Amino acid sequence: MVTTDTTRVTNGSNGTAADPGYAERKNRGRLQEIAAGKWFPPVVDHQLEREEPVLTVKNFCLWYGKAQALFDVSMKVPKSKVTALIGPSGCGKSTLLRSVNRLNDLVDSVRISGEMNLYEDSIYAKGVDVIELRKRMGMVAQKPNPFPMSIYENVIYPLRIDGVRDRRILDEVCETSLRGAALWDEAKDRLHQSALGLSGGQQQRLCVARAIASEPEMLLMDEPCSALDPIATGKIEDLIDQLRGEYTILIVTHNMQQAARVSDYTAFMYLGQLVEYGATASLFKKPQLKETEDYISGRFG
Ligand SMILES: Nc1ncnc2c1ncn2[C@@H]1O[C@H](COP(=O)(O)OP(=O)(O)OP(=O)(O)O)[C@@H](O)[C@H]1O
């Protein structure tokens with residue numbers, strides 16, 4: 001799966017006056033330059049250096065067939081924090097998220113280069129057991145996707161496939177996970193009824209319960225509120241807030257207010273490049289780049 005490719009967009013000039021194109025380009029914004037094929041190193045907040053990384057992404061590139069979707073993305077996702085990926089539609093947020101648990105392996109045309117590590121373990125090294133890897137990361141999709149079985153069986157599903165049979169353990173994990181996903185009170189009297197009878201928002205919290213049942217090292221959330229109404233969205237945001245500190249969460253969101261509300265760190269992406277990455281409070285109040293400011297203030301995208 002890991003390939004190297006010499007056609008990827010290279011770093012280009014360093015933007016000094018010695019660069020012959022500099023005079024012509026100096027008045028153009030960074031985003032136009034990116035659209036024209038130039039690569040820039042991301043602007044990263046020093047605060048991230050003080051965090052312990054769970055996921056380290058290094059010079060990661062991804063192609064769908066001939067079309068490159070990610071360009072030399074390097075970032076560290078800190079432990080026990082919520083990190084949001086934001087950026088205009090098509091900038092590669094979901095592609096990056098799905099690369100973390102190798103869901104993109106399911107797309108035939110995908111090629112990658114670069115590295116990703118979960119702690120010290122390479123995600124793309126030869127011989128990695130992808131099933132085992134995915135067990136280390138819980139995934140919550142855009143649309144709630146409970147299995148057509150009871151609430152109880154949905155939650156303990158990861159343990160069932162691991163062969164756990166001890167009823168006491170299964171009951172305990174079911175309750176802890178449902179409590180952790182703020183669904184216990186609503187579900188405790190109907191544990192053996194179909195999960196499909198839950199509302200959309202409850203189903204999404206059930207999916208969070210299933211994702212945390214195996215105590216993953218990371219939770220990946222791909223626009224988890226996009227199919228939910230504002231009340232259900234608020235409950236998921238409250239839930240993310242509760243999970244903060246205990247879980248390392250990487251979340252894709254279209255909604256900048258949501259990123260500002262729920263995340264500790266925010267990564268702004270544009271056309272497959274990581275542009276600016278920093279503490280959410282400062283990125284939203286005083287971003288280092290004018291381009292980030294333009295995006296978060298709605299001046300483009
Ligand atoms: N399975 C696929 N096959 C081919 N191209 C794809 C595939 N999935 C995504 N792409 C392309 O990769 C680029 C990044 O898409 P991606 O879905 O990761 O962006 P996004 O930022 O998550 O967008 P959105 O916010 O609209 O969900 C886009 O140009 C998209 O068309």
Side-chain angles (χ1 to χ4, degrees), residues 1 3 5 7-9 30-32 34-40 42 55 57 59-75 77 82-114 116 123-124 130 134 137 139-145 204 207 218-228 233 236-237 240 249-263 265-277 280 283 289 291-292 294-296 298-301:
M1 179 75 189
T3 59
D5 194 302
T7 63
R8 77 182 181 210
V9 172
R30 180 177 290 228
L31 302 185
Q32 284 107 305
I34 291 174
K38 189 169 190 288
W39 185 88
F40 290 88
L55 176 76
V57 180
N59 302 116
F60 194 81
C61 300
L62 183 143
W63 293 258
Y64 291 108
K66 289 196 172 131
Q68 190 167 357
L70 295 176
F71 295 81
D72 268 327
V73 175
S74 296
M75 68 185 289
V77 175
V82 179
T83 300
L85 297 174
I86 64 165
S89 187
C91 71
K93 306 178 292 292
S94 298
T95 297
L96 183 61
L97 189 88
R98 290 197 308 258
S99 299
V100 177
N101 65 354
R102 292 188 50 173
L103 271 187
N104 288 323
D105 285 15
L106 305 172
V107 182
D108 281 345
S109 63
V110 162
R111 280 180 313 127
I112 66 110
S113 69
M116 280 196 187
I123 291 173
Y124 282 91
V130 179
R134 291 194 186 129
M137 304 180 214
M139 178 87 178
V140 179
Q142 278 189 20
K143 285 195 190 141
N145 56 356
Q204 196 62 311
C207 293
M218 249 189 119
L219 268 181
L220 307 173
M221 297 185 162
D222 193 356
E223 295 188 48
C225 303
S226 63
L228 304 181
T233 295
I236 294 286
E237 290 184 4
I240 293 170
I249 299 177
L250 184 61
I251 178 172
V252 167
T253 177
H254 257 120
N255 180 327
M256 277 179 288
Q257 286 76 24
Q258 180 170 77
R261 281 192 297 267
V262 304
S263 69
Y265 290 98
T266 297
F268 168 49
M269 295 179 67
Y270 186 71
L271 293 178
Q273 292 190 30
L274 177 61
V275 176
E276 183 167 348
Y277 182 26
T280 298
L283 191 130
L289 292 174
E291 289 81 356
T292 310
D294 286 349
Y295 180 69
I296 59 179
R299 281 197 282 272
F300 85 91

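Just so you know, these numbers come straight off a predicted model, no measurement behind them. Just so you know, ligand 1 is whichever comes first in the structure, and atom 1 is the first atom listed for that ligand. Sequence positions, counted from 1, serve as the residue numbers for this chain.
Looking from atom 12 (O) of ligand 1 to the surrounding protein, the closest heavy atom is Y64 CE1, 3.2 Å. With hydrogens left out, the protein atom closest to atom 13 (C) of ligand 1 is G90 O, 3.7 Å, a heavy atom. Nearest protein heavy-atom contact of atom 18 (O) of ligand 1 is T95 OG1, 2.5 Å. The protein non-hydrogen atom at the shortest distance from atom 21 (O) of ligand 1 is K93 NZ, 2.9 Å. Among protein heavy atoms, atom 17 (O) of ligand 1 sits closest to S94 CB, 4.0 Å.
For R261, the salt bridge (charged side-chain N to carboxylate O under 4.0 Å, His left out) criterion is met by E237, not counting sequence neighbours.
Both the backbone and the side chain of S89 come within 4.0 Å of ligand 1, judged by heavy-atom distances. Contacts of E223 with ligand 1, taken as heavy-atom pairs under 4.0 Å, involve the side chain alone.
Not a single protein heavy atom sits closer than 4.0 Å to atom 30 (C) of ligand 1.
Between Y277 and Y265, the two ring planes are perpendicular [angle over 60°; tilted spans 30° to 60°].
Residue C91 has at least one N or O atom closer than 3.5 Å to an N or O atom of ligand 1. Of the N or O atoms in G92, one or more lie within a sub-3.5 Å distance of an N or O in ligand 1.
The aromatic ring centroids of Y124 and F60 lie less than 6.0 Å from each other.
Less than 4.0 angstrom separates some heavy atom of A69 from each of these atoms of ligand 1: 12 (O).
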